[in-house]
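Letters A, B, ... are given to chains in the order of the sequence lines, protein chains preceding strands, and every chain is numbered from 1.
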Amino acid sequence: MSRNAEVAALLEEMADRLEALDVDYKPRAYRQAAENVRGHTVAVETLAAEGQDAVEEIDRVGEAIAAKIVEYVETGSIAELEELREQLPVDIEALTRVEGVGPKTVADLYEALGVQDLDDLEAAAEAGEIQEVKGFGAKTEQNILDNIAFARESHERQLLGDAQPLAERVMDHLRASDAVERVETAGSLRRWRPTVGDVDVLVATDDRQAVVDRFVEFDAETIEAGTSKASLRANGIRVDLRVVVPDEWGSALLYFTGSKDHNIVLRNRAIERELKVNEYGVFDVSGVDDPDSGQRVGERVAGETEAAMYAALELPYIAPEMREDRGEVAAAAAGELPDLIDETDVRGDLHLHTEWSDGDDSVAEMVAGAEEFGHDYIAISDHATGPGMVGGVGVDDDALLEQAEEVRAVAADADVRVFTGVEANIAPDGSVSVADDVLAELDCVVASPHASLDGDGTDRLVAACEHPEVNVLGHPTGRLLNQRPGLDFDVEAVAEAAAANDTALEINANPHRLDLSGSYVKRAIEAGATLAIDTDAHTPASYGFVRFGVHTARRGWAEPADVLTTREADDVAAFLGL
DNA sequence: GCCGTTTTCGGCCCGACTGTTTTCAGTCG
């Protein structure tokens with residue numbers, strides 16, 4: 001959201017360039033700052049407008065980096081970055097995207113051959129010039145050639161919705177081997193981040209080689225294969241396998257699930273207790289002179305399960321979705337972890353479409369699909385006409401009333417309760433694109449922003465929440481992952497307006513949206529808002545997207561009571577004012 | 001460059017894999 005991703009990319013470029021120049025420690029500092037800027041829920045331009053001190057409130061952003069962020073917001077560039085670009089005039093972002101090519105390699109090849117971009121790199125490799133450079137050889141040159149094409153096309157993180165099914169297929173493939181005792185995803189995929197850099201899979205086995213051998217038989221290109229780890233590329237997604245002995249399953253799963261920041265908090269907690277935690281277990285190092293003298297120093301006190309790892313640190317189990325260093329370890333230590341919502345808690349869906357607007361199926365088919373899925377209730381909420389609706393997609397006011405009659409007729413014979421409804425558009429001024437008397441006829445009014453999705457949307461969204469007929473604020477930012485950042489807004493102000501007016505804030509479970517995000521969900525709940533997990537389904541097969549919404553809610557520490565769509569139909573009807 | 005119940009200086013995670021090397025550097029996660 002906002003320009004945070006843009007600033008984060010610049011800080012990462014600073015890190016790469018400093019690393020190419022062999023500068024110590026600063027690259028790490030810039031990378032950590034970049035990560036936190038990217039994940040920060042307040043827009044950097046908002047913070048910069050308040051002053052440098054406000055920018056420094058971002059974790060791992062100190063005086064120097066904050067000054068550069070302010071400089072960038074005010075002038076559009078960072079002088080020091082420009083100097084670094086002059087010093088090493090290469091497209092370092094593109095070049096380091098090539099698997100196996102890092103900042104040092106970029107510097108070496110520029111120095112020796114004047115390589116500045118992917119075209120230069122490819123030409124040098126094809127001409128056989130790279131293997132002549134000191135420190136390089138024929139194999140490195142061939143690897144570069146093999147990986148350039150992939151680097152040209154893939155520059156984005158993968159959608160969770162694409163990576164998750166691939167992970168399931170890989171795990172099924174592995175389970176067919178007798179050598180596999182346990183298999184699980186790890187990394188950001190297991191934490192259900194909306195996008196992931198790769199797919200991480202962990203296996204427990206007594207026969208590591210057999211598992212690696214089975215893994216590389218998966219229909220994909222092998223990147224590397226050793227005795228305890230291997231990597232593939234399938235459907236353009238990198239899949240990393242880690243293989244461990246069963247005794248180290250819990251410690252390895254915890255370590256490789258991350259996040260890195262969560263693990264650092266755990267490690268520091270361990271040190272306070274004269275314990276050492278790593279991917280091999282928890283070790284009591286109270287009687288050890290040098291705890292850093294090896295991987296398995298001291299008496300091993302845990303490692304076989306994640307729960308035992310946490311228990312050794314005097315903590316209850318913390319769900320993967322919460323492991324983002326947002327205070328979860330402190331909450332666990334205080335016995336204040338939320339009782340998280342899970343997939344079985346959801347009873348209905350208040351945002352879906354039919355062929356009346358841009359859906360694929362009829363009202364009757366969507367209702368039948370909901371029955372089959374096991375929902376207790378749904379709302380038919382087709383697009384209304386208005387800003388953002390192109391090609392005559394939206395349903396006008398008269399047709400909405402006609403459709404409501406059809407919905408009531410279908411509902412009469414259905415096993416699920418069916419609410420009439422609409423997805424109205426929120427104009428930039430906060431007004432809603434359907435007449436009030438028509439909205440009053442409908443059971444469930446979802447209002448969503450679809451156009452003019454830049455800048456600050458706080459007033460616009462607050463106005464929609466305050467509209468007496470609006471029940472759900474649909475995909476509040478309007479973001480599309482990897483496509484557009486969506487509206488920036490003051491989440492506390494919108495959440496408070498929502499709470500005061502009995503409007504639910506949606507967690508749109510469509511894998512392209514996941515909007516609100518987990519960090520916004522957490523702050524919305526803290527501000528007193530009620531959430532609604534909806535799929536925005538355009539066909540019955542998409543009811544299954546609800547799991548992405550549930551795990552996003554878990555990333556925001558949501559309990560069942562925080563979510564409208566966990567309630568029984570009568571209670572939802574009451575919330576809708578029926 | 002950042003950070004601090006070891007606090008204004010001194011430390012910053014580290015192991016696996018690959019390819020180039022005869023003991024290590026770079027990359028990656």
#### Entry: Donor-acceptor contact present, side-chain A:Gln32 to main-chain A:Arg60, <3.5 Å
no
### Message
For the residue pair A:Glu272 / A:Asn268, report whether a side-chain donor-acceptor contact shorter than 3.5 Å exists.
### Response
no
### Task
Kindly confirm or rule out a cation-pi arrangement of A:Arg300 over A:Tyr280, judged by NZ or CZ under 6.0 Å from the six-membered ring centre and within 45° of its axis?
no
### Query
With respect to A:Lys68, which candidate in A:Glu63, A:Glu74, A:Glu13, A:Glu80 satisfies the salt bridge (charged side-chain N to carboxylate O under 4.0 Å, His left out) definition?
A:Glu80
### Message
Tell me if the CG atom of A:Asp219 is crowded by more than 12 foreign heavy atoms within 6.0 Å.
### Response
no
#### Entry: Under 4.0 angstrom between A:Tyr25 side-chain N/O and B:dC12 OP1 or OP2
no
### Message
Using a 4.0 Å heavy-atom cut-off, does A:Glu63 contact any base of the nucleic acid, only the sugar-phosphate backbone, or nothing at all?
### Response
sugar-phosphate
### Query
The side chain of A:Arg28 lies closest to which of these nucleotides: B:dG1, B:dC17, B:dC12?
B:dC12
### Query
Just checking, is any N or O donor in the side chain of A:His173 or A:Glu217 under 3.5 Å from an acceptor N or O on the other one?
no
### Message
Rounding to an integer number of Å, can you tell me how far A:Gln209 CD sits from B:dC17 C1'?
### Response
14 Å
### Query
If we ignore angles and hydrogens, is there a donor and acceptor under 3.5 Å between the side chains of A:Thr477 and A:Asp515?
yes
### Query
Distance under 6.0 Å and angle within 45° of the ring axis: does A:Arg273 meet both against A:Phe283?
no
### Set of residues satisfying salt bridge (charged side-chain N to carboxylate O under 4.0 Å, His left out) with respect to A:Arg31, sequence neighbours excluded
A:Asp16, A:Glu19
### Query
Could you write nucleotides 24-29 of chain B as a row of B, S and -, 5' to 3', where a protein heavy atom under 4.0 Å of any base atom gives B, of only sugar-phosphate atoms gives S, and otherwise -?
--SSSS
### Query
Between atom CD1 in A:Ile69 and atom P in B:dC2, what is the gap in whole Å?
9 Å
### Query
Rounded to the Å, how far apart are A:Asn268 CG and B:dC12 C1'?
12 Å
### Message
Below the 4.0 Å mark, does B:dC17 have OP1 or OP2 next to a side-chain nitrogen or oxygen of A:Ser231?
### Response
no
### Message
Let's test this: given Watson-Crick or G-U wobble pairing with both distances under 3.5 Å, identify the partner of B:dT8.
### Response
none
### Message
Expressed as a whole number of angstroms, how long is the span from A:Leu266:CG to B:dC13:C1'?
### Response
14 Å
### Task
Taking atom P in both B:dC3 and B:dC13, compute the distance separating them and give it to the nearest angstrom.
14 Å
### Working for ring-ring contact (aromatic ring centres under 6.0 Å, His included), residues A:Phe489 and A:Tyr520
CA-CA 10 Å; A:Phe489 63 87; A:Tyr520 272 47; 5.4 Å; yes
### Message
When the P atoms of B:dG26 and B:dT21 are compared, how many Å lie between them, rounded to an integer?
### Response
13 Å
### Task
Could you measure between the two C1' atoms, the one in B:dC28 and the one in B:dT22, and give it in whole Å?
25 Å
### Task
Take the protein atom CD of A:Glu56 and the nucleotide atom C1' of B:dG1, then report the distance between them rounded to whole Å.
12 Å
#### Entry: B:dT27 versus B:dT20 - spacing of their C1' atoms, nearest Å
13 Å
#### Entry: Protein-nucleotide distance (A:Asn263, atom CG; B:dC12, atom C1'), rounded to Å
17 Å
### Query
For atom P, what is the distance between B:dG15 and B:dG10, given to the nearest Å?
26 Å
### Message
Checking A:Asp456 against A:Thr458: is there a side-chain donor and acceptor pair closer than 3.5 Å?
### Response
yes
### Query
Rounded to whole angstroms, how far apart are CD on A:Glu272 and P on B:dG4?
13 Å
### Message
Taking only the P atom of each, what is the distance from B:dT6 to B:dC2 in whole angstrom?
### Response
23 Å
#### Entry: nucleotides 18-23 of chain B: protein proximity per nucleotide (B base, S sugar-phosphate only, - neither; heavy atom, under 4.0 Å)
SSS---
### Query
Between B:dC3 atom P and A:Lys26 atom NZ, what is the distance in whole Å?
15 Å
### Query
Closer than 4.0 Å, any side-chain N/O of A:Tyr280 to the OP1 or OP2 of B:dC14?
no
### Query
In whole Å, what separates the C1' atom of B:dT18 from that of B:dT23?
15 Å
